[in-house]
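All values reported here derive from a predicted model rather than from experimental measurement.
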Amino acid sequence: MNCCWNPGGCSSKPTCGTRSSVTGANSIAVDWNRMYLINLNDTTVTKLVVGIQRRTHDSLKIDYHQTKPYIYWVDSYYGTIHRTCYPCYDNERKVDEIIAKSSSYHPYSLAIDSDHDNIYWSDNNQKAIIRSDIDGSNILVVLNSTSGIGHITVDSNNGWIYFMDDEIGSIDRCSLDGKDQTTIISDSMMTKNSRIVLDLIGGRIYYTIGNTIRSSTFEGKSTEEIQGYGHQYSWYKVTGIDLHGEFVYYTDNWLQDVFKINKSGGDHVRAAYVYSNAGDVRTYNGKVIQDPCNAYRSINDAEKRSTGFYVDWTVDDPITDAMLEEDWYRIFSDNGDGMPTSPPGIKNCGTINPLWLNGTLPTFVDGNMTALACMQTDNSLCEQISNIVIRNCDGYYVYYLPPSPSNSSYCFGSGPVKCPNEMSSETEHYPGCSFKYWIEKHLLQETNVSENFKNVQVLFLNRFCLIRIKCAIRMRNSRQSTPGPYLYSPLFRAGLFPSTNSYYYTVNEGDSINITFTSTVPVGCIASHNVIRSQCDQNFYIFRPSYYTYGSSCTNNVRKRDILFNAEFCGFRLGNLDWMEKKTLEVYGYNDGLYNVNNRYAYIKLSTSSISEYNNIWKDVDIYQIRVEVRDKDSTLKNRLCQSYNDPHFRTFDGKYYDYMGVGEFVMYKNDIGPFWVHALFTSCGSGLPGTSCLCGIAIRSKNSLFVLRTCERISRKELHLLQQPVVTLTSCDESDMSISNTNNNYKIILPIATEIKFSIARRFISVISIKPSVKDINTAKGLCGVPSTTKDPSDDITHRELGPISEEQIFADSWRITEGMVEEQLFVEEPTFLKKGNDVYEQIVVVDNNENNPDLRTFCACEQQAGSTDSLDDFNSVHCNLTDSTEQCSDSSSSSGSYVQYTSCLQPLRRRRSVNVPHKISKRSLNNNDDEVDFQPLTYSDDVNETEIEPPATFRNGWTSDRAYNICFNSINDALQNDMYKDYVDVPVEKFIEACVKDIEVSGDTTFLTDTINAMVTSIMTELVKTESLYTQKSSDGSQTMLEYFASALCLNNCSDNGICKSGVCICDNGHVGEDCSYNTSSPPTGISLPFNGACTLKTRSCKTMNIFGEFQTTSVWCKRRHFQILENDLLYTPSEELVLAEYRNPFMLTLDLPTSRKKRSADNKVLSEGYDISFSYDGQNFGKETSIIIYDDLKYSCNTTTKTCISLIVNESAEKAETNKDVIMIVVPVTVSFVVIIALTGVICFKLMTKASKAKIASYGDESDEKNTSSDKWTGRENTVSEVEFDFEEKTDEDVFAMQYPPRKENIDIPTNQLVKATILIVNTTELAVIESSQIQWHMAPY
């Protein structure tokens, strides 16, 4: 149709109109108080019900009867069920109450069984599923629940009810009569608000969790997750979901849109939108009738039909509707679309005879209302009547209008009509609109504008800091002339804003982005001087709103977070002098070490409080929050693992496989950003295995901390030399340098960059080392593990230390050997170079912060809380800005130093070592316990380590063949895989493990390494599983455990030897069995028991309160039978009873046993020489091993033998010595007492002489030189019966105390502090003799008077 409407009116041509129709797929949706029918093809929206009064985002759930004209909804807030009639002609828009608020029921969700005309609902009060007829009669409880039932849906065709069981978070199924209940899907993240929808054609169940949609088969398998979209607040969630064809339609509680995505989560678009926040949505397949609210013609620009417009015949032509086609019309006018209900007056409404409504306008529930339109003339207010129909469309009206009489038209709207564009009047409205105005060049002669702004108050920024200012001006030729149109200034935004005007950012995990802010408002100051102004600033504080709640704060020993800030404090400053400069906030994507199900979302808030009255404009301002999407990067490292196992086989990060038989120390992994190193130690596997090499040591450096485990004493190409007691040491500079945990013989160490190292011990060898790289290792790490690339490219894995990528595997591996000359890189020496410098006892310890110049290891702020008004900002920032790495380990996962022998600390010098009479043994002590003794045997190398002519056997032996070996390996490895149950999550290189297993049998002639190969495979599987985030929440089919627990329960070594159950990958042994695989019977005691220094504990160097016990321990609970004894001069005296105590488990090779306080009683004749304990150990407290002895003695007086339990005195004649000692004491104490009297007198003389010298020096300073003949080097001379001078030189105490060895201190003596020992030459005078005592070092003991 042709449009004729224009400002001048309309002639006999028809008015412009459009018509729309409702076709295609439809959905029913609700918002806060309306229910809609939405055409999903053309987004046409039809309002079905208005005024529902929803109280919460998800309180309304809807369903409809597929064969009868009823749409139902439940209000879970009020506990009611209502229905409306659709499609209807007589009772449309009418609402019936099915379950009243006053009833004893409280429905939560509902489903309509159209085949049987029933309503099923879950009830909060009854905690049950209830059924009734479609009118609410014949109510019956179908199924009871102990905890409550959430969303419910019905499969009428197959006779099933599906519902959300709130007890464990599961989707259950039962028959329509409540029988045969079973759990289909178990997911602990489900809540009562989770929605369920059935895809009967595709055979899947779709359900919601927060902002995500998941789906599983009807058996609960093949779970998939659809990415959530939109805002990621903690209360943001999907509130409605349904299916149509290949698409999923959903709504959320944040936006007013109905979204459409395909079933895989792609092609995300907005399908339709409603008036306010959308609620539930339901696909509608019933009959649809055309609603006039959507199917109408339009009358556009109808402002002149307003009652406020009076026709000026000199300018306007009258409007007439005489040619109007009878139809539904909608009025579009700035003056409104309501028909006036009183006579507007002749020549108003732009016509001669206006038509007005003789009655009232309808409400929404009135539907189509028939009404009378009266034509006002000069003769009558209602001279002629026209029959019309009016429909309230909730926000606008549509009118069914016939043509009007001649010289008349329908009135709509009220109020004055604004002048058209480019026209103006004194009032900006009709009448008087004209083009006649002028702007001259010098229009304003006197500008006294400020007078008009004297009383304008200061504007304060609102809490969202989003003030928008726009200025406008218009001019006129003279005071009485017509003004021109307004001229507007550009929009000015006052506040602090991101420079890009974007509040949405994206950062990759492990990377950083810069968010730049610009202020358009200055920072105030008390003065104008630049020196003072430089001190005026305003702080903006960062904090992280908790919009997402993690189920656990730690996963896989890494704390859960989203982003971190590289900032001086939790915020930034704007100064008075630089407020206009851009401020940059560096945001890091937190590396959580997991394959995330979804990208993570973080929100940043900036706020401030006023620091002075000059900055009140910034008071309590909240800058609009910024959303940062953290994209997962760990997934690029999926199935990327470096391993070395058995004799040995290597697998690089990018999947390159090779064998290498070298011996010595090698670099497996090296990343210089820490630095972070992993070195492996290889030696011969033993006799009968020529040319092979096995792992016997691992050293892990993290920054300036070092962990070492070594089981070999000597490296050899031909022979095996294992330590009786493996070395396990930890030198820790910072507890955050590494997280260490061990279970039985399995160790796991996590570096600050989230790189994981796992290794296992078997038969005193390290059976496997596994290194899982982090995103910080991509294209950075190197060594025998290769270089992890972004795309799993193995071409650069064989990277030579100096030559780069090569093809020769042997040359490549040789380049990573640590040779004798590489002193700086050796980690298995007693004191590595990087520790030696800081531990030099004679050097000042300086801890160097290497994070400053390393962008990967700088200090980060978490800023997860907002500083309170009373918080100390220094304390607050010290808590929130103390992270030195972009990955934070959980504090409770860091190993305690008590679990290892902690030799030293970066803040303490290396202590002096005391040599003992055992070759190659050094006593080392922890910083806080001098009983923490170990026998350290340095690593040595045989002369044959560089021999290359030794090759492993090339043929099978001991009756083995290639086929037999393959069959054994194939069956054993596939049995361990549990029917490939992990294939959806882990790519297991089964053939490679089988190939390695066959090679091991060929070399060894038996299956010695078979268990180690399976363990290496299981480690690779578990490493991937624990990084798969979805497995922490997905439930097994019976709902009793997570999928991670379910998988791990099948991955225990040897299936726990059928002597226990496997839980989370760890064997829980039955009574009577212990060990990693429960193969060890507790009736057999621990083996390999030994003591440091053969059990001798000397009181000169130790407190002897505890004793370390070495051996091989299969469990953490080890019983000790302890019996005390005393060694006398000629006898051995035992305490009558034995004690049974639990030893402290330190690691698989060491226990610590408490030794009770000494029971030794000094008898009158002092015949007790020492004391000790006979000890033995057991797993069950009944069957103990061989006894060994501990002897505690004073090594200054005695020498004891732990084997014979005897002691000998180091003093030849103790009784004579006592008498001589008493005599010496008398001979010394008396002269010393007299000498002190002399010294006091002498002191007075010396003071007098010094005062005299001082006065002489004062006189001499005016002209005479001081007498310097007497120097400190001059010898003093003694005269008979006098003391002329005493000289004292203070020294540090040395290890040997000669005087104390000769004269053991008595209990009642008073000791001068040890740092005040003196070297003295003293002349002591008494009346009978002259004695001179001289000693290089004397410990003074003074008896009390």
Gamma sulfurs of [X] and [Y] within less than 2.5 Å:
X     : Y     : result
C1069 : C1078 : yes
C1067 : C1052 : no
C997  : C969  : yes

In the structure I gave you, are the side-chain heavy atoms of [X] and [Y] within less than 4.5 Å of one another anywhere?
X     : Y    : result
D1012 : R763 : yes
V775  : N508 : no
D634  : D592 : yes
Y207  : S216 : yes
H679  : R701 : no
F676  : I700 : no

Go through the structure and list residues passing salt bridge (Lys or Arg N to Asp or Glu O under 4.0 Å) with [X], not counting sequence neighbours.
X    : answer
D511 : K633
R640 : D654
R631 : none
R214 : D187, E225

- Above 12 or not: heavy atoms from other molecules or residues under 6.0 Å from CZ of F218?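 More than 12 heavy atoms, drawn from other residues, nucleotides or ligands, come within 6.0 Å of this atom.
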
- Message: Does K638, at its NZ atom, have more than 12 non-hydrogen atoms belonging to other residues, nucleotides or ligands within less than 6.0 Å?
- Response: yes

- Query: Do you know the tightest heavy-atom contact between V630 and G589?
  - Reply: CG1-CA, 4.1 Å

- Assign the ring pair Y747 / F707 to parallel, tilted or perpendicular, where the plane angle (0 to 90°) is split at 30° and 60°. tilted

- Can you label the angle between the F1047 ring and the Y982 ring as parallel, tilted or perpendicular, going by 30° and 60°? perpendicular

- Checking ring pair (Phe, Tyr, Trp, His ring centres under 6.0 Å) against F650, which of Y658, W816, F666 comes through?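 The ring pair (Phe, Tyr, Trp, His ring centres under 6.0 Å) with F650 is passed solely by Y658 among Y658, W816, F666.
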
Side-chain donor-acceptor pair present, [X], [Y], cut-off under 3.5 Å:
X     : Y     : value
H1073 : N1071 : no
D793  : T791  : no
N745  : S760  : no
N646  : T1013 : yes

- Task: Evaluate side-chain contact (heavy atoms from CB on, under 4.5 Å) for L977 paired with M1017, printing each intermediate quantity in order.
- Result: CA-CA 9 Å; L977 284 176; M1017 181 182 67; 3.9 Å; yes

- Query: So, do Y1145 and F1113 have ring centers that fall under 6.0 Å from each other?
  - Reply: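 Distance test on ring centres: not under 6.0 Å, no.
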
- Message: In this structure, is the centre-to-centre distance between the rings of F765 and F1009 below 6.0 Å?
- Response: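 That pair fails the under 6.0 Å test.
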
- Sequence neighbours excluded, which residues qualify as side chain to side chain contact (heavy atoms under 4.5 Å, CB included) partners of T1028?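 Once residues adjacent in sequence are excluded, the partners of T1028 under the side chain to side chain contact (heavy atoms under 4.5 Å, CB included) criterion are Y595, Y985, S1030, L1031.
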
- Who pairs with N1054 by side chain to side chain contact (heavy atoms under 4.5 Å, CB included), at least two apart in sequence or on another chain?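 Per chain and number, N1054 pairs via side chain to side chain contact (heavy atoms under 4.5 Å, CB included) with T1011, S1057, D1077.
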
